[in-house]
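This report concerns only the one structure given below.
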Amino acid sequence: MGQALSSAAQWTSAQDGSGGKLELTPINEELLNSILKFVEGFSGKYPEEGKLIFKKPLSWETMLTASQFSGGGLKQDADGSLVSEEKKDDVPLFKLKRQTLSIMSLEHGEMVLRTASEKKITELRLCLEANRDPVVNMLGERFGTVQGDDNSILRYIEEITKEMEHLRLKLVGLDQQLLNQSIMKISSQVRLTPEMVEKEVMLLRDLSGDDEEKCVLEYINYYGESFVYKNGCRAQPWRQLHGDICYIEAKPHDVGNPLHVTANTSGYYLNKGPDPEKPGHLDYSRPDQDTYRDLVTLLKAKSPKFAEIINQQEFALHEDAKKDERRMEVAADDDQDGGGTNRTEQQYAQRDQQDEKEGKAKTQHQNKKKMEPSLRHKSKTPVEPQDSFSESSTESEEEEEAVERRAEANADLPSEYWQIQKLVKYLKGGNQTATIIALCSLRDFNLAQETCQLAIRDVGGLEVLINLLDTEEVKCKIGALKILKEISRNTQIRRSIADLGGLQTMVKILRDPDKDLKCLAAETIANVAKFRRARRTVRQHGGIKRLVSLLDCVPLNSTHMTAEMELDVEVARCGALALWSCSKSKKNKEAMQRAGAIPLLAKLLKSPHEDMLIPVVGTLQECASEPSYRLAIRTEGMIEDLVKNLKSSNPELQMHCASAIFKCAEEKETRDLVRQYGGLDPLVALLKQVDNKELLAAATGAIWKCAISPENVSRFQELKAIELLVALLSNQPEEVLVNVVGALGELAKAPPNRAQIRKSGGIPNLVNLLTGTNQALLVNVTKAVGQCAEEPDNMTIIDRLDGVRLLWSLLKNQNPEVQASAAWAICPCIENAKDAGEMVRSFVGGLELIVSLLKSDDKEVLAAVCAAIANIAKDEENLAVITDHGVVPMLARLTLTGDDRLRQHLAEAIARCCNWGNNRTAFGREGAVAPLVKYLKSKDENVHRSTARALFQLSKNPENCITMHEPLLKMVGSKDEDLQESSAGCIGNIRRLALANERAKYA
């Protein structure tokens, strides 16, 4: 089944690099119907195989709901999931949680299809889209479908159990049936022929020209050999074996570079165009995997302008070509996502337009551009296709839209500009000696100056320098790289280097035996890889693995370091610099880990040299955003080294170490290690570096995360960290304030620290921050104010500063996190305010606002609001108001939740709200009693306690008693005295009502 799905079924490409979706094509419908027929009734024919438990579940997003499933063997779990009673290793064989459905046997698969009824095909399709190779889930990884070197399908089959062998044979039989079925269908389809291609090309050629309003294309031609073979093909015979007919070059009006298209018997698809490494040759590989039945459809997909004009043309395609106009998709590789546009030509066009204003600069630019470099010329490499990527949260987007800055007039250009342009001319036209002299002369200029950098670029010097990297002369390569390393600090220059294919060449140089070359190439890559596309290019051309290999050097604390060993260490440092730049991409982090970077970075972290440590720690800091890296940093013993380097005298190294600890301290084990290695003391000491904002942000962030552990809080108390943190609550940038307030919020969980924050003058500053707009800061400051409000003396200050009103206004914030944290903070404010009832009533529209939040979709918001309502309802007048605002039916609607945190505070709110009017009766009428009784099956004692209180109140109404009795008897035996008392009281109410009823009957 896996082989048929991967090779015969037709899939749409997915932007995120996933498998995509099954197209709604006739061939796919036939395949789905065959699989459906196989699964339905499978357990009846083969009962033992039907019950066989899969190696891992088949999971997908279902369209079914829990209410649609009926029959025995299913029950509702504590978290509200529908699960089967049958389990394996405590994992249910069937589970439906919200919209995610998981099954672990074909027997349960049949049950799902029966439940789906008319939507069986849809449900099966959803399952297969989420599980591209279902055999792997059923039988294990060794039965996966993988691509061999010759693109054939290989199946690895090893020893298996007898039961699995029976199921495997059934699946192999189904696989063969599906493949045969697909082959018959595909063989009946019309294949592309040379005659069909010729007609379409000639038709489009007649409609091409320079007029952008009338002509569909600028031009369209056959690419490569003009010889036509007897069979009508123009492709070389060895390519015809792959089905290629010919190659086409088409230039739409709105696309920078021409599109290079392969016409194959299977359809039309893009190729990568001229091969930069083999002039005159074509790169037949595909930048994306889309295949089109006709050329017009391909061009429509790639050029909106073409699509607009072609729709206005009065002509028809050949009937045979039009008959089957649909896309054929193949599963895309993780690093091959289509849609890239070559920006190089667009940039050149912009430059030419600007040069029209610059007189002499324009003339020289055009003249220089026509010259060929003296060494082997390299054609411009097309920009690689855009990748689906996920960048880290630390990545800067400042370069994504780089602004071109050019001198407006010749008078503004210094003499160096023209001198550099003359030198580049010698680079282009001179012999080897002249080239080396010109390179040395160029280095005498101040290449850190933007004018000098752009002078090299404007005259075509970048192309020459990059071409020099492809020569065999080491001196020329070194000279070119030294210049590229300096000028690549400029945003525009590094983009141009990437556009011209410079990164690909530098990645190749990383394999060069010359260590100076490797150093320079790695340092230049470090400068260029500051934006997404450049980082992606490095990865796609094997650069990550090669950069990681540079890290492997001699022990850094060797006593006798030879010159060769020192050069090895320098190579490792440059490799770490490049990896630091590349590590801002999530996929690059994964590639680094696969290449074995972690143990090598751990070794380099023990270096005594700061120039080595800074890029190593910088790389670790970037990578620590991933849980797998955090675990590795801890297990490889790197926390001790990070703490050690916190005590360095280098502020940059301290900043990166603190930032790495900030990210790694998400886990308790890491927080404990930081304390054990003495890391809390230097972190607190760094709070005095008030002038270095980056260092301050990193240190406060690390303190915030470390303060989550109570053991660390004790040490922070001893170090008087609170006074230092409170002093940072004003006149600091927001990134520092977020961390400072987060740290105070954690420290304030300890009662002595709440008083210390007040004594240090922190309460007014915290209240002032409630008026900000930064969402992360608001979340942290509301938590901190809420913790401080647990102290009555603090609450007096908060009330006097109108802090509760500010908290209440944050309930209107659009961010659910801010809403939830504000609601949680309101709870202790109401508990500890002197006249809480009057204070709450003084907020115009406040009670209506908080009741309206019970309509939220966020469970944390709902739990917080329920907790706040439970406190508000202590005041009888406020309870009357919220009752009028419809709090009873809103709370009743929430009782079906399976979330224990929400259940606890919801039950508490219901218990409080029962103390007004006929609310007890209203809750029963709204259907709240029966769901509340089910809360007693929860494993959380807090839920039991608050539920018992709610039921105690509700049991005072006779109509609510019937559904409560039996579960409460069990609760009376609880070890929790509060729970015992509430349960017993509830049963007492029920018995008294029963006795009163009996007396009334006999009377």
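Just so it is clear, the values below take in all heavy atoms, side chains as well, and ignore hydrogens, waters and symmetry mates.
Shortest non-hydrogen contact noted between G256 and K251 is O-CE, 3.4 Å. Between M63 and L126, the shortest heavy-atom contact is CG-CD1, 3.7 Å. Closest approach of E200 and V296 over heavy atoms only: OE2-N, 3.1 Å. Residues F54 and I103 come closest through the heavy atom pair CD1-O, 3.9 Å. Residues D254 and P304 share a closest heavy-atom pair of OD2-CD, 3.2 Å. The shortest heavy-atom contact between L192 and Y268 is CD2-CE1, 3.6 Å.
Ring pair Y284/Y247 is tilted by interplanar angle, where 30° to 60° counts as tilted.
The distance from the CG atom of L128 to the CD1 atom of I35 is 5.0 Å, given to the nearest 0.5 Å. Atom CG of N588 and atom CD of Q593 lie 13.0 Å apart (nearest 0.5 Å). Distance check, rounded to the nearest 0.5 Å: CG of L462 to CG of L500 gives 6.5 Å. For the atom pair OH (Y219) and CG (L217), the distance works out to 10.0 Å, reported to the nearest 0.5 Å. The CZ atom of R239 lies 12.5 Å from the SG atom of C246; values are rounded to the nearest 0.5 Å. The line from CG of L32 to CG of L124 is 5.5 Å long, rounded to the nearest 0.5 Å.
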side-chain contact (heavy atoms from CB on, under 4.5 Å) evaluation trace for I245 with N231: CA-CA 9 Å; I245 296 171; N231 59 3; over 6 Å; no

Side chain to side chain donor-acceptor pair (under 3.5 Å) evaluation trace for T291 with R286: CA-CA 10 Å; T291 301; R286 302 165 66 166; 2.7 Å; yes

For a side chain to side chain donor-acceptor pair (under 3.5 Å) check, start with the C-alpha distance between E198 and Y222, then their side-chain angles and the critical distance, and finish with the verdict. CA-CA 10 Å; E198 182 78 16; Y222 290 109; 2.7 Å; yes

May I have the step-by-step check of side chain to side chain donor-acceptor pair (under 3.5 Å) for S208 and E218, ending in yes or no? CA-CA 5 Å; S208 299; E218 283 186 34; over 6 Å; no

Criterion side-chain contact (heavy atoms from CB on, under 4.5 Å) on I497 and M506, from CA distance to verdict: CA-CA 10 Å; I497 289 172; M506 284 182 251; 3.7 Å; yes

Show the numbers, then the answer: is there a side-chain contact (heavy atoms from CB on, under 4.5 Å) between K584 and F531? CA-CA 9 Å; K584 284 181 166 54; F531 60 103; over 6 Å; no

In sequence, state the C-alpha distance, the side-chain angles, and the governing distance for C582 and K589, and then conclude on side-chain contact (heavy atoms from CB on, under 4.5 Å). CA-CA 8 Å; C582 292; K589 291 174 193 171; over 6 Å; no

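Look at K300 and E308 and you find no salt bridge, because none of the NZ, NE, NH1 or NH2 atoms lies under 4.0 Å from a carboxylate O. One finds no salt bridge joining D294 and K199 here, because no Lys/Arg side-chain nitrogen approaches an Asp/Glu carboxylate oxygen to under 4.0 Å. Comment: K120 engages E40 in a salt bridge, judged by a side-chain N to carboxylate O separation of less than 4.0 angstrom.
Side chain of S303 to backbone of L299: no donor-acceptor contact under 3.5 angstrom is found. Between the D283 side chain and the P274 main chain, no donor and acceptor come within less than 3.5 Å of each other. In terms of modelled atom types and a separation under 3.5 Å, the side chain of D470 and the main chain of T505 share no donor-acceptor contact. Here the side chain of H253 pairs a donor or acceptor atom with the backbone of C215 at under 3.5 angstrom. At distances below 3.5 Å, not a single donor-acceptor pair connects side-chain atoms of E249 with backbone N or O atoms of P258.
For the residue pair D244/Q236, the side-chain donor-acceptor check at 3.5 Å is not satisfied. Checking N271 against T262 by side-chain atom types alone, a donor-acceptor pair falls below 3.5 Å. In this structure, a donor-acceptor pair under 3.5 Å is present between the side chains of N264 and S266. A donor-acceptor pair shorter than 3.5 Å can be found between the side chains of T62 and E123.
With contacts defined as side-chain heavy-atom distances shorter than 4.5 Å, the pair L171/F38 qualifies. Looking only at side-chain heavy atoms (C-beta outward), S585 and R532 stay at 4.5 Å or farther from each other. Taking 4.5 Å as the limit, some side-chain heavy atom of L270 sits within range of a side-chain heavy atom of L298. Proximity of K305 to E213: side-chain heavy atoms (C-beta onward) are separated by under 4.5 Å at one or more points. Side-chain contact check for M196 versus T193: some heavy-atom pair is nearer than 4.5 Å. Between R494 and T524 there is no side-chain heavy-atom pair separated by less than 4.5 Å. Side chains of L259 and P252 form a contact here, defined as non-hydrogen atoms less than 4.5 Å apart. Taking 4.5 Å as the limit, some side-chain heavy atom of M592 sits within range of a side-chain heavy atom of L579.
Around CG of D210, the count of heavy atoms belonging to other residues, nucleotides or ligands within 6.0 Å does not exceed 12.
Just one residue in the list L204, I220, N221 forms a side chain to side chain contact (heavy atoms under 4.5 Å, CB included) with I248, and that residue is I220.
The salt bridge (Lys or Arg N to Asp or Glu O under 4.0 Å) analysis of residues 540-549, with sequence neighbours excluded, yields no pairs.
Listed by chain and number, the residues in a ring pair (Phe, Tyr, Trp, His ring centres under 6.0 Å) with Y46 are F42 (sequence neighbours excluded). Not counting sequence neighbours, the partners of H260 by the ring pair (Phe, Tyr, Trp, His ring centres under 6.0 Å) test are Y223.
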